[in-house]
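Following: one structure in structure tokens, then a few remarks.
Note that these values count all heavy atoms, side chains included, but never hydrogens, waters or copies made by symmetry. On a predicted model such as this, the values are computed, not experimentally measured, just so you know.
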Amino acid sequence: MQLSTVLALLALGTIIVYMTGGTGYAFPYVLLVPVVLASAWYGLPASLITAAAAGLLLGPLMPLDVGAATAQPLGNWIARLLMFVLIGTFTGWMFQRLRRANQAQARALRTDSRTGLPNQAALDADLAALLARQARGHAEDCGVALVFVRILDLAEVLEALGTDASDQVVASVAARIADHSDQSVQSYRFSGSEILFLLPTPDSAQVAPLVEAVRQAGEEIMEVRDVPVRVQMAIGSHYSNDLRVAPEELVRRARTAVEEAEFYRPYDPAFERRSSERVQLISRIRSGLKAGEFELHYQPKIDLITNRPAGAEALLRWRAVDGRLIMPDSFMPKLEDTSLIAPVTRFVLQQALEFLRQHPEEQLSINFAVRNLFDKALIRDLPKLAQASQVDPGRLEIEITEGALIRNPHGARLILQELRNHGFPVSLDDFGTGYSSFEYLTHLPITGLKIDRAFVRDLESAASSRTVMKCLIEMAQALDLWVVAEGIETEGQCRILRELDCDLGQGYLFGRPMTAKSYLLWRQTDLS
């Protein structure tokens with residue numbers, strides 16, 4: 001269409017020049033219009049060709065004066081030809097530079113400047129274009145898979161090595177995944193720690209090889225500033241061959257899947273219900289905090305040698321408006337993955353400190369989630385809050401899970417040391433259920449181990465359980481750590497633990513979690 005326009009304007013311009021009297025009049029310059037258009041549409045080469053054609057059309061065959069039948073002098077038409085070519089060269093060069101500048105700007109708008117990967121704007125445009133092309137084709141050949149990859153520990157790389165290093169990790173991960181995949185996939189940096197892979201395919205089974213490529217890339221160690229780095233990733237995917245679904249909805253579903261993934265989860269519509277429930281729950285927790293619906297209950301710990309109370313674990317309970325207690329298992333796992341864990345933990349901390357202030361003979365332990373351990377403001381304020389409550393930090397033990405250590409061992413060790421420097425005891429909760437390693441215990445500034453109930457449950461019936469428990473206790477005591485066995489429910493379990501020299505016990509045999517008033521009354525009970 002554009003070429004036809006240029007040719008038509010050349011012909012029309014030639015006719016206009018002839019009909020208006022020839023080249024001796026002003027109308028010859030009408031042929032600069034197709035020259036400029038060719039420059040804008042096709043660039044420098046087309047501009048030169050069009051300029052030369054215009055100059056030749058007004059050359060020796062075109063009279064200087066049609067009415068007088070006067071031919072053009074040679075120098076006249078050659079000078080015009082050269083002028084047309086000069087103008088064509090300039091306009092072609094100018095439009096070519098302008099086109100390149102626009103292309104560079106468009107690429108910049110589509111590219112993450114830190115990694116060189118296409119960005120979210122590019123994803124939106126490419127996905128919309130892909131779906132539009134598929135809509136014009138055969139429906140049975142349509143389909144698209146989106147694989148969402150989240151680098152879980154990128155924040156630690158950022159904190160330890162800086163922004164450039166974290167960006168290098170993202171780019172390297174995307175490249176390695178593409179190398180491991182034999183499929184034609186396009187990667188996009190969706191956010192700071194998230195990469196999305198777009199795979200046009202009519203077969204949902206093609207998602208599995210891409211997930212396997214992600215797994216292989218995650219097992220490799222990469223060098224970042226001469227530091228070996230291996231990252232953990234969570235993967236969510238969504239496959240759709242429904243052309244009625246909007247591009248942004250496809251992306252949202254893939255991202256919803258990664259929120260549910262420990263390693264990999266494909267999208268399931270049931271996630272929508274859970275997400276809605278989570279949003280409603282968080283809203284209720286926020287209002288419940290303001291309304292004073294939360295309280296602490298206290299589960300006793302017993303010195304197994306003296307059979308005397310040895311403090312308690314402070315546990316959060318939610319008392320609904322109807323007076324019913326909502327157990328933490330129904331809300332804490334969801335809460336720990338949100339920023340709302342910070343004010344909830346501060347509430348627990350303040351209530352525990354107030355209890356310790358009112359009862360100077362007591363010892364308490366409270367639980368920290370992973371987010372709490374890496375909450376710099378909370379760690380900074382902890383000794384100040386204890387001082388304001390006039391509570392010796394040694395009376396408040398912080399219990400952490402192994403998950404916090406595995407996610408960032410070096411960072412966690414530094415934070416634990418900071419807590420110890422302020423005088424707070426620190427114990428490792430649920431020991432033995434995660435990625436337990438005797439080796440890392442020798443490097444952690446902790447004061448105690450809390451052995452999970454799974455090791456206590458079969459003490460009476462399985463000799464192997466007693467052997468494992470004996471090893472755990474001896475290992476901990478060799479490292480000068482206090483040992484607490486939780487989940488003690490029978491006298492037999494308690495007797496075996498005493499024989500194995502376990503320091504402390506906790507479980508329903510001694511007492512369930514109870515209100516502060518009930519706990520203080522229980523303290524007066526003779527346990528013998």
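At a threshold of 4.5 Å between non-hydrogen side-chain atoms, the residues Leu196 and Arg255 do not count as touching. Counting only heavy atoms from C-beta outward, the side chains of Ser389 and Leu356 never approach each other to under 4.5 Å. Between Leu146 and Tyr267, the closest side-chain pair of non-hydrogen atoms is not below 4.5 Å. A heavy-atom distance below 4.5 Å is not found between the side chains of Leu154 and Val231. Side-chain contact between Tyr188 and Leu117 is absent, with no heavy-atom pair separated by less than 4.5 Å. Considering only heavy atoms from C-beta on, Glu260 stays 4.5 Å or farther from Asp268 through its side chain. The shortest side-chain heavy-atom distance between Arg150 and Glu259 falls under the 4.5 Å cut-off. Here the side chains of Leu250 and His238 are in contact, with some heavy-atom distance below 4.5 Å.
A donor-acceptor pair is defined here as one N or O able to donate and one able to accept, closer than 3.5 Å; no such pair exists between the side chain of Thr201 and the backbone of Val144. Between the side chain of Thr345 and the main chain of Ile341, a donor-acceptor pair closer than 3.5 Å is present. Using a distance-only test at 3.5 Å, with no hydrogens or angles considered, no donor-acceptor pair links the side chain of Ser181 to the main chain of Ala178. Between the side chain of Arg189 and the main chain of Gly192, a donor-acceptor pair closer than 3.5 Å is present. Using a distance-only test at 3.5 Å, with no hydrogens or angles considered, a donor-acceptor pair links the side chain of Asn119 to the main chain of Ala122. Without hydrogens or angle criteria, Glu249 side chain to Ala246 main chain gives no donor-acceptor distance under 3.5 Å.
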Decide yes or no on side-chain contact (heavy atoms from CB on, under 4.5 Å) for Leu382 and Ile398, but give the supporting numbers first. CA-CA 11 Å; Leu382 191 54; Ile398 309 298; 4.3 Å; yes
Could you check Gln417 against Asn421 for side chain to side chain donor-acceptor pair (under 3.5 Å), going step by step and ending with a plain yes or no? CA-CA 6 Å; Gln417 187 60 62; Asn421 291 342; 2.9 Å; yes
side-chain contact (heavy atoms from CB on, under 4.5 Å) evaluation trace for Ile488 with Ile302: CA-CA 11 Å; Ile488 303 173; Ile302 302 299; over 6 Å; no
Applying side-chain contact (heavy atoms from CB on, under 4.5 Å), run through Asn367 and Leu315 and close with a yes or a no. CA-CA 8 Å; Asn367 294 284; Leu315 299 165; 3.9 Å; yes
Mind running side-chain contact (heavy atoms from CB on, under 4.5 Å) on Ile400 and Leu416 for me, showing each step along the way? CA-CA 10 Å; Ile400 63 168; Leu416 295 185; 3.6 Å; yes
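Shortest non-hydrogen contact noted between Val483 and Ile451 is CG1-CD1, 3.5 Å. Between Ala342 and Asp375 the shortest heavy-atom distance is CB-OD2, 3.7 Å. Annotation for Gly505 and Leu304: closest pair N-CG, 3.7 Å, computed over non-hydrogen atoms. Ala412 approaches Leu373 most closely through the heavy-atom pair CB-CD2, 4.1 Å. Nearest heavy-atom pair across Arg357 and Val391 is N-CG2, 3.8 Å. Looking at every heavy atom in both residues, Ala310 comes nearest to Leu504 through CB-CD2, 3.8 Å.
Checked for salt-bridge contact, Asp501 and Lys470 miss the test: no charged N lies under 4.0 Å from a carboxylate O. A salt bridge is absent between Glu499 and Arg466; no separation between the charged side-chain nitrogens and carboxylate oxygens falls under 4.0 Å. Under a 4.0 Å N-O distance rule, the pair Arg523/Glu362 qualifies as a salt bridge. Ion pairing between Glu491 and Arg495 fails under the 4.0 Å rule for side-chain N and carboxylate O. A salt bridge is absent between Glu489 and Arg457: the closest approach of a Lys/Arg side-chain nitrogen to an acidic carboxylate oxygen does not fall below 4.0 angstrom. Using a 4.0 Å cut-off between a side-chain N of Lys or Arg and a carboxylate O of Asp or Glu, Arg252 and Glu248 do not qualify as a salt bridge.
Side-chain contact of Gln350 with Glu354: a donor-acceptor pair under 3.5 Å is absent, judged by distance alone.
Under a cut-off of 6.0 angstrom, the local environment of CD in Glu220 is crowded, with over 12 non-hydrogen atoms contributed by other residues, nucleotides or ligands. Around CD of Glu361, the count of heavy atoms belonging to other residues, nucleotides or ligands within 6.0 Å exceeds 12. Counting heavy-atom neighbours within 6.0 Å of Asp480 CG, excluding the residue itself, gives a total of 12 or less.
Below 30°, between 30° and 60°, or above 60°: for Tyr519 and Trp522 the angle between ring planes is below 30°, a parallel geometry.
Atoms CG and CZ, from Asp430 and Phe455 in turn, are 10.5 Å apart once rounded to the nearest 0.5 Å. Rounded to the nearest 0.5 angstrom, Asp112 CG and Ser187 OG are separated by 11.0 Å. Note: Leu444 CG to Leu449 CG = 9.5 Å, rounded to the nearest 0.5 Å. The SG atom of Cys502 lies 8.0 Å from the CD1 atom of Ile305; values are rounded to the nearest 0.5 Å. With values rounded to the nearest 0.5 angstrom, Leu419 atom CG is found 6.5 Å from Phe368 atom CZ. Distance CG/Leu296 to OG1/Thr515: 11.0 Å, rounded to 0.5 Å.
Asp124 pairs by the salt bridge (Lys or Arg N to Asp or Glu O under 4.0 Å) definition with nothing, not counting sequence neighbours.
Identified under the side-chain hydrogen bond (donor to acceptor under 3.5 Å, both in side chains) test for residues 293-302, with sequence neighbours left out: Glu293-Trp318, Glu295-His297, Glu295-Arg319, Gln299-Gln506, Lys301-Ser365, Lys301-Glu397, Lys301-Glu399.
Among Val348, Leu378, Leu349, the one residue that satisfies the side chain to side chain contact (heavy atoms under 4.5 Å, CB included) test with Asn372 is Leu378.
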